[in-house]
Every structure is written in structure tokens, then in C-alpha cells.
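Have a look at the structure below before the remarks.
This structure is a prediction, so every number in the text was calculated from the model and none was measured. Letters A, B, ... are given to chains in the order of the sequence lines, protein chains preceding strands, and every chain is numbered from 1.
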2 protein chains.
Amino acid sequence: MEDIDRRIVGLLSSEGRSSFTDLARETGLSVSAVHQRVRRLERRGVIRGYTALVDHDALGLPLTAFISIKPIDPAAPDDAPERLAHLTAIEACHSVAGDESYILKVRVASPGELETLLQEIRTAAGVSTRTTVVLSTPFEHRPVAAAPGEPPAAEVS
Amino acid sequence: MEDIDRRIVGLLSSEGRSSFTDLARETGLSVSAVHQRVRRLERRGVIRGYTALVDHDALGLPLTAFISIKPIDPAAPDDAPERLAHLTAIEACHSVAGDESYILKVRVASPGELETLLQEIRTAAGVSTRTTVVLSTPFEHRPVAAAPGEPPAAEVS
DNA sequence: ATGCGCCGGTCGATGTCTTCCACGGGGCCA
DNA sequence: TGGCCCCGTGGAAGACATCGACCGGCGCAT
């Protein structure tokens, strides 16, 4: 039964617009059953939304980079995510263990824009930056696997 | 006109399952016009697919990490992506500039699984690894912005 | 054992959405 | 001016989403 939910998540993860009819066929359930399972997964937050996967080259944002940031003043409060949220070139922000405190993933149009963005990040968050430019992306956004381990079976209100 | 395409991509990027009716309302076009624009964006590869955004914690994969890899033998052919593709825990693989050659993004259930995965990566690709564990993710998969710069207006067959 | 309630399933009806087709207007060039 | 192409509109047909009613199995307490 939980298996079916995993299967549904996997299917939607690799084909986010597939119809309930398709999901029903692939899971062996009725359309209604699949429908209410998906709604439940959405309500529970297991499925947090849907998105189109985009070719950033075609959109004029061909330059991807990872920017690791480190606070200049270690005593300052660490609110970098809020300070950086308005910069729409930042696609993701991960708090990480290690020498640096966050890793950002950014998409820009050109090296010039990257330079500007780095300055904005430094001044907005009071951090130093270390940038790793992406040359190419063999794969990305691969669908979640059919999950080997035990699900946590946690309960929240 | 190109503006409208950007707008459509933005909308689908933040709400990947919105109906053509909704898109039509938000763009001021007719349903048919939006429909053929979306199809064209898909055919051209600007939209490469759709996916559900998933809560990996809820799926039993609460541990995210970035793994930077570097070939042990610099003379060996660099085919790491193909050698690693079968490892479904790897969600993304970026070729990068800098000291290391690739950055992988992985999702696993536990530190134990991460250890196993690291060994698999090392033996499968003949690389050394450097791992950065993600503590939390303030944001991720933010929709593409309304694009400031000039689109490339390239033409391909 | 029996009866009850809950969970999760099927079935069927209704309204919405997708998808396709025919048609029309504006820009461009001969 | 006429023809063509691109891109838009509108409408029709069928597929799909969505909701309610019903139903069967399971666990539990009587």
C-alpha cells in the first residue's frame, strides 16, 4: 500500500503532468483511488508542487555556478537565506557542514552578470564567496528511485 | 511575443500542472494560442519535461550531500557520468571548472548508505571524493525569473 | 461471534479541460 | 494587388478531473 504511494511519486517525479488516467493504468488502481492518493500526498507535503524542467541555455541563462559562502564576521547573526532570497538568479540555497556555511546554485546570462551577482551576494549577506563554474551538466533532476529502505512512517498533525 | 513565451515558461516553472485555461487567463491569450505555444516550447526543448517536487525526508531519503570527485589517474579517459549513471542515489552530475572534475548531488537514507555510496562511486569511476553534507535547504528549485537580458534568438534545425 | 466504524477501494455522473480543425487578419515580398 | 506565412481566434468532440454514493474488509469492543 505504501508501495503504491512510492510508485505514484516516482511516476509523477519523472512525468509531472501525467494524467490520473495514466497513473491509474500504471498502478492498477481506479482513477478515483489514484486521485485521492495524489491529493493526500499533496496535502501531507510529500509532493510539494510541480515544475517544468527548463533549458536554461535557451532562456538566455547559459552560465551555471555553485557559490560557497562564508561569513566575514563569524559573530554576526546567520540570516543569509533571507538576505539572499530576493536575488532571483539564486536557484537554490543549502546550509552545509564544512568550512563554508552555505552553497548557492545560481544561473546567469554571462560572466559579467556573475561578477555583479557575486558583489550583490557579498554585500547583501556580509560573506566571502568561492565560486565553482559549471562547464556542463551530464544529468540533473533525475527522478527519485523506487526507494530501497524503510519509510519513516512518522505522524504529524 | 517572445515575452509571452517567457511568461509561460515562468508560470509552468512555478506551477507545472496549471491548465491551459489558467495559462490563457494569465497571459491574455486564447486557450488554443497558449496550447500551441507550450507545444512549441516543448518541441524546441525549451521545456524539457515536468516533474513533481518531492519532500525527500518524507520519502525516507533525509540525507543530502554534494560529492566532488577527482580522477585518481589523470590519464584515464573521463567517462565518469556514464560510469555513475546507474547509481540512482545520484540526482545530478555537473562537470565543473576547478580542482575537482565533477560535483554530484546525492540523496540517501542514512550516513551508512552514504558511506556505501561513496565506495561505489570511487570504485565505479576511479575517483577520489570530497563530501559536503547538507544540513538544511532554505530554498531549492526556485522558478526561473522573468529574464532580464536578451534571449539568444538562436536557430537550430 | 456480532455489530460498529473506519479506511480505502470501485462505480458513475457532471462539468471542465485538452486537443484538433477551420477560419481570419496583418506583415512581407514579388 | 495578390499570395503566403505566421500567429491568433472560436468552436466541437472527446478525454479527463472531480465529487458523491456505495461497499467490502479489518480491528475492536461488546
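Evaluation of the side chain to side chain contact (heavy atoms under 4.5 Å, CB included) rule for A:Pro138 yields A:Ser136, B:Pro81, B:Cys93, B:Tyr102 as partners, not counting sequence neighbours. With sequence neighbours left out, the side chain to side chain donor-acceptor pair (under 3.5 Å) criterion links A:Arg17 to no other residue. The side chain to side chain donor-acceptor pair (under 3.5 Å) search around A:Thr129 returns A:Arg122, not counting sequence neighbours.
B:Arg39 has a side-chain polar atom (N or O) that falls below the 4.0 Å cut-off from OP1 or OP2 of C:dC20. When the side-chain nitrogen and oxygen atoms of A:Arg40 are compared with OP1 and OP2 of C:dC7, none of them lie within a distance under 4.0 Å.
Residue B:Asp3 contributes atom CG, which lies 16 Å from atom C1' of D:dC7 at whole-angstrom precision. Remark: P of D:dT18 and CG of A:Leu29 are 17 Å apart, rounded to the nearest angstrom. As a whole-Å value, the separation of A:Glu42 CD from D:dT18 C1' is 13 Å. One interatomic measurement links the two molecules: CG of A:Leu41 to P of C:dG8, which rounds to 12 Å at whole-angstrom precision. Atom CZ in B:Arg43 sits about 15 Å away from atom P in C:dT19, given to the nearest Å.
Near-neighbour residues of DNA chain C inside residues 18-27 of chain B, defined by a heavy atom below 4.0 Å, number-ordered: B:Ser19, B:Phe20, B:Thr21.
The stretch residues 12-65 of chain B participates, sequence neighbours left out, in these ring pair (Phe, Tyr, Trp, His ring centres under 6.0 Å) pairs: B:Phe20-B:His35. Pairs of residues two or more places apart, or lying in two chains, never qualify as ring pair (Phe, Tyr, Trp, His ring centres under 6.0 Å) while including a residue from residues 105-137 of chain B.
Set against C:dG9, D:dT18, C:dC20, the side chain of A:Gln36 has C:dG9 as its closest nucleotide. You'll find that the side chain of A:Arg17 is closest to C:dT18, out of D:dG11, C:dT18, C:dT10. For B:His35, whose side chain is taken as the heavy atoms from C-beta onward, the closest listed nucleotide among D:dC19, D:dG10, C:dT19 is C:dT19. Of the candidates C:dT10, D:dG8, D:dT18, the closest approach to any side-chain atom of A:Ser30 belongs to C:dT10. The side chain of B:Arg37 approaches D:dC7 more closely than any other nucleotide in the set C:dG9, C:dT18, D:dC7.
Look at B:Asp5 and B:Arg40 and you find a salt bridge, because one of the NZ, NE, NH1 or NH2 atoms lies within 4.0 Å of a carboxylate O, short of that distance.
For D:dG10, its base sits under 3.5 Å from the side chain of B:Ser32 at one donor and acceptor pair at least.
Here the closest non-hydrogen pair linking A:Ala97 and B:Thr132 is O-CG2, 3.4 Å.
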